[in-house]
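The structure appears right after this line, and notes come after that.
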Amino acid sequence: MERRRQFLKVAGAASIVGLAGCSGGGDGSDGSDGGDGSDGSDGSDGSDGSDGSDGSDSEPEMTFGGDGTVDFGISPSVPQEDLNVQYSPLEEHIGSYLRENYDVPSDLSVEGTIGSNYSAIIQSLGQGTLDIAETGPFAAALGVKTGNAEVILQRYGYGGWTYKSIIATPNDSDITELSDLSGKTVAFSDRLSTSGALYPLYSMSSQGGLDVGELPEGNGSQAEFDARFAGGHVGSYTLLEQGQVDAAAMGGFVRDTKTGPTPDEWQEVATTLHEDEGLPRAPIVVSPELDDDVKSAIQEAFLEGPDSIYYGADGEDGTGDDLWFSRVREADQEDYQSVIDVADELGVGTDIFNQ
């Protein structure tokens, strides 16, 4: 397959530092300029109080874009009503942790926003309308490339730091190998999905010998199969279940966990045609518009969180509203080099944000 262009090679953990969104507070201890009057000054900024202040008050050091809210972007990996319930304890913890440990507005809140797709999440980070987001590895890598995001954490879920990508077919299908997908209709979860698009397309090309055209960019007109993007992993499975596609690509967690169908339901509907292992589990990213101190505070809030923040709104482990991940660790873009390499092989570029 003709390579269209080089996507990204990351050497080292390049830091993306922004200045917007926070006001500095001298040494960061109390939001003042550090003066206490011992040097002959009165500790104020030079005003005499004629503006209505006494020179002792100052803005909180961390204001998160000036609106007193930590805007948390959530990717649409599962139905929205589930995401709101699952993420609420985590959001509450981040807010309380920041209020207790940092100079932030006393009424600081964390508000979750579910994006329409991965691209919307990443671009909102770059615009500063989101401060932090959970997203997929491929989307995060593109976010780093375009200066829209910085990786700070990796999530652990379903027993590991890695996961699987799968392509499934109906049980009664005559498709037995990847090359049989020529001329067929294939569902993918999202253009920026690692397990639901990037790896399946790479395997279809490298192992199945199929021409994937300009996918996951473009409209797929040059591919030798018809591509449909479902907007989510469960959505991809649903198209297969409803008989609307001949095959469906998705994260292995749809098959292997309670995220999608039950094991019995899966066996009644689908057969796994292909799977790729060892994909690094999804990251947490922050906006480059945030100050380094703010990024570190957010990272620390996650790392210091109790287990209960992953248990969902009912606060009980093992119930239906648990988050899919159960802990996090520090990470940067180097931890996602394997994803970047696959994107390189497909020649994916940043024009994908325009799709």
Side-chain angles (χ1 to χ4, degrees), residues 8 15-22 62-84 86-88 90-91 94-95 98 104-105 108-155 189-194 196-198 216-217 229 231-233 235 282-292 294-295 297-299 301-302 323 328 331-333 336 339 343 348-355:
L8 171 65
S15 177
I16 305 172
V17 181
L19 298 178
C22 299
M62 298 181 181
T63 59
F64 297 91
D67 60 359
T69 301
V70 181
D71 295 296
F72 191 164
I74 303 172
S75 300
S77 54
V78 299
Q80 292 193 13
E81 60 271 17
D82 296 334
L83 288 170
N84 286 322
Q86 292 169 354
Y87 276 88
S88 59
L90 176 59
E91 294 165 4
I94 294 172
L98 293 173
V104 301
L108 179 79
S109 63
V110 180
E111 296 185 3
T113 300
I114 300 175
S116 57
N117 51 47
Y118 287 114
S119 179
I121 292 291
I122 295 299
Q123 293 189 79
S124 293
L125 285 167
Q127 295 163 359
T129 55
L130 289 178
D131 300 307
I132 181 175
E134 68 84 33
T135 189
F138 180 30
L142 276 174
V144 171
K145 169 65 175 177
T146 56
N148 285 303
E150 180 178 343
V151 176
I152 61 168
L153 296 162
Q154 182 185 24
R155 290 174 281 176
S189 64
D190 185 286
R191 292 181 189 275
L192 290 181
S193 172
T194 309
L198 184 66
E217 297 178 85
F229 290 92
H233 297 274
I284 299 291
V285 297
V286 292
S287 168
E289 295 295 306
L290 297 177
D291 183 83
D292 272 356
V294 180
K295 297 171 189 173
I298 292 173
Q299 184 184 58
F302 274 89
L323 281 170
V328 296
D332 57 37
Q333 53 264 40
Y336 296 92
V339 178
V348 182
T350 57
D351 286 347
I352 196 169
F353 281 129
N354 300 322
Q355 301 301 318

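Any value given below was found using the heavy atoms of this structure, including those in side chains, with hydrogens, waters and symmetry copies removed.
When all heavy atoms of Gly95 and Leu108 are compared, the closest pair comes out as O-CD2, 4.4 Å. Nearest heavy atoms, Ala343 versus Leu198: CA-CD1, 4.0 Å. Counting all heavy atoms, side chain and backbone alike, Ala120 lies closest to Ser124 at O-OG, 2.8 Å. Scanning both residues, Pro288 and Ala149, for their nearest heavy atoms gives CD-N, 3.8 Å. Shown here for Gly136 and Ala282, the closest heavy-atom pair between the two residues is CA-CB, 4.2 Å.
Using a distance-only test at 3.5 Å, with no hydrogens or angles considered, a donor-acceptor pair links the side chain of Thr194 to the main chain of Phe138. The closest donor-acceptor contact from the side chain of Gln333 to the backbone of Glu150 lies at 3.5 Å or more, if one exists at all. Ser75 contributes a side-chain N or O that, together with a main-chain N or O of Glu134, makes up a donor-acceptor pair within less than 3.5 Å. With Gln299 contributing its side chain and Ile152 its backbone, the two residues share a donor-acceptor pair below 3.5 Å. Using modelled atom types, one side-chain atom of Arg155 and one backbone atom of Pro283 make a donor-acceptor pair closer than 3.5 Å.
Rounding to the nearest 0.5 angstrom, the gap separating the CD1 atom in Ile74 from the CG atom in Leu90 is 8.5 Å. Here OG1 of Thr135 is found 9.5 Å from CG of Asn117. Values are rounded to the nearest 0.5 Å. Between the CD atom of Glu91 and the CG atom of Asp71 there is a distance of 10.5 Å, given to the nearest 0.5 Å. Atom CG of Leu83 and atom CD1 of Ile114 lie 4.5 Å apart (nearest 0.5 Å). Here CD of Gln123 is found 10.0 Å from OG1 of Thr129. Values are rounded to the nearest 0.5 Å. One finds the OG atom of Ser287 at 11.5 Å from the CZ atom of Phe64 (value rounded to the nearest 0.5 Å).
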(message) Applying side-chain contact (heavy atoms from CB on, under 4.5 Å) to Asp190 and Phe229, what does each step give before you reach the verdict?
(response) CA-CA 6 Å; Asp190 185 286; Phe229 290 92; 5.7 Å; no

(message) Test side-chain contact (heavy atoms from CB on, under 4.5 Å) on Ile122 and Leu142; report intermediate values, then the result.
(response) CA-CA 8 Å; Ile122 295 299; Leu142 276 174; 5.8 Å; no

(request) Walk me through it: do Arg191 and Ser119 pass the test side-chain contact (heavy atoms from CB on, under 4.5 Å)? (result) CA-CA 8 Å; Arg191 292 181 189 275; Ser119 179; over 6 Å; no

(request) List the steps, then state whether side-chain contact (heavy atoms from CB on, under 4.5 Å) holds for Ile94 with Phe302. (result) CA-CA 7 Å; Ile94 294 172; Phe302 274 89; 3.6 Å; yes

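Partner of Val286 under the side-chain contact (heavy atoms from CB on, under 4.5 Å) criterion, out of Ile132, Leu125, Leu130: Ile132 alone.
With a 4.5 Å cut-off on side-chain heavy atoms, Leu290 and Ile298 count as touching. Counting heavy atoms from C-beta outward, Tyr336 and Val144 have side chains that stay 4.5 Å or more apart.
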